[in-house]
Amino acid sequence: MEVSVKTFDQLTTEELYQILRLRSEVFVVEQDCVYQDVDNKDQKALHTIGTKNGKIVAYTRIFKPGDYFNNVSIGRVVVSQDQRKYGLGKQIMQASLAAINQRFPNKAIEISAQSYLLKFYTDLGFIPFGEEYLEDGIPHKRMLKE
């Protein structure tokens, strides 16, 4: 998988379309969750894009401190369903962590993780805190990586 990190203004229209399609396929259709994915936050985010054969198969968005949480944050972590068996989730997260380390060194990273993925994020160094809560009808837990 090839990974790139881009600002919103650097995205091509084709990349933006593929990102929104992937997020919709997974978060809206597969997870059967009706929510407003296009939330006017993409314009502030850094977009970590994983591509195979010209197709976006993995993605995250990164926010600087204060744009989502008080800390740097990663969200919309997604891998296309047919690519999950290849460890691309870990690869896209490692690329996101590297991008954060380069742009925001020595900053804590906060995420809102779907509860069923706690082990995945714990293995990447995140520690859960606070109570579990529902976000768009799905159980989530806040996590922090110092």
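Both backbone and side-chain heavy atoms feed into the values below; hydrogens, waters and symmetry mates do not.
Using a 4.5 Å cut-off on side-chain heavy atoms (C-beta onward), Gln43 and Thr7 make no contact. The closest side-chain heavy-atom distance from Gln10 to His47 is not below 4.5 Å. Looking at heavy atoms from C-beta onward, Glu30 lies out of side-chain contact with Glu25 at the 4.5 angstrom threshold.
Within a 6.0 Å radius of CG in Asp82, other residues, nucleotides and ligands contribute more than 12 heavy atoms.
Looking at Tyr17 and Thr12, their side chains never bring a donor and an acceptor atom within 3.5 Å of each other.
With sequence neighbours excluded, no residue satisfies side-chain hydrogen bond (donor to acceptor under 3.5 Å, both in side chains) with Lys90. Residues forming a salt bridge (charged side-chain N to carboxylate O under 4.0 Å, His left out) with Arg76 (at least two apart in sequence, or on another chain): Asp37, Asp39. Every residue was checked against the ring-ring contact (aromatic ring centres under 6.0 Å, His included) condition with Phe69, not counting sequence neighbours, and none meets it.
Clustering of Ile, Leu, Val, Met, Phe, Trp and Tyr side chains at separations under 4.5 Å places Val77 together with Val5, Leu46, Ile62, Val72, Ile74, Met93, Leu97, Ile100, Phe104, Ile109, Ile111, Tyr116, Leu117, Leu118, Phe120, Tyr121, Leu124, Phe126, Met143. If you chain together ILVMFWY residues whose side-chain heavy atoms come under 4.5 Å of each other, Ile19 ends up grouped with Phe8, Leu11, Leu16, Leu20, Leu22, Val26, Phe27, Val28, Tyr35, Val38, Ile49, Ile56, Tyr59, Val78.
When all heavy atoms of Met1 and Gly50 are compared, the pair lying nearest together is SD-CA, 3.6 Å. Shown here for Leu134 and Pro139, the closest heavy-atom pair between the two residues is CD2-N, 3.6 Å. For the pair Gln31 and Gln114, the tightest heavy-atom approach, listed with the atom from each and the gap, is OE1-NE2, 3.0 Å. Annotation for Asn70 and Pro65: closest pair O-CB, 3.3 Å, computed over non-hydrogen atoms.
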>> Please determine whether side chain to side chain contact (heavy atoms under 4.5 Å, CB included) holds for the pair Arg61 and Lys41, giving the CA-CA distance in whole Å, both sets of side-chain angles, and the decisive distance to 0.1 Å.
In response: CA-CA 10 Å; Arg61 67 180 185 180; Lys41 293 179 181 165; 3.8 Å; yes

>> Quick one, Glu135 with Ile138, criterion side chain to side chain contact (heavy atoms under 4.5 Å, CB included). Give me CA distance, side-chain angles, the key distance, then yes/no.
In response: CA-CA 5 Å; Glu135 186 174 313; Ile138 297 172; 5.9 Å; no

>> The test is side-chain hydrogen bond (donor to acceptor under 3.5 Å, both in side chains); show your working for Glu2 and Thr51 and say whether it passes.
In response: CA-CA 5 Å; Glu2 295 177 24; Thr51 309; over 6 Å; no

> Going through the distances and angles, do Val3 and Ile92 end up as a side chain to side chain contact (heavy atoms under 4.5 Å, CB included)?
Replying inline: CA-CA 7 Å; Val3 177; Ile92 200 72; 4.3 Å; yes

>> Checking Gln83 against Lys52 for the side-chain hydrogen bond (donor to acceptor under 3.5 Å, both in side chains) test, could you report, in this order, the C-alpha distance in whole Å, the side-chain angles of both residues, the deciding distance, and whether it holds?
In response: CA-CA 10 Å; Gln83 295 294 310; Lys52 283 175 105 176; 2.7 Å; yes

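Counting only residues at least two apart or on different chains, the salt bridge (charged side-chain N to carboxylate O under 4.0 Å, His left out) pairs with a member in residues 94-110 are Glu110-Arg142.
Atom OH in Tyr133 sits 9.5 Å away from atom NZ in Lys141 (nearest 0.5 Å).
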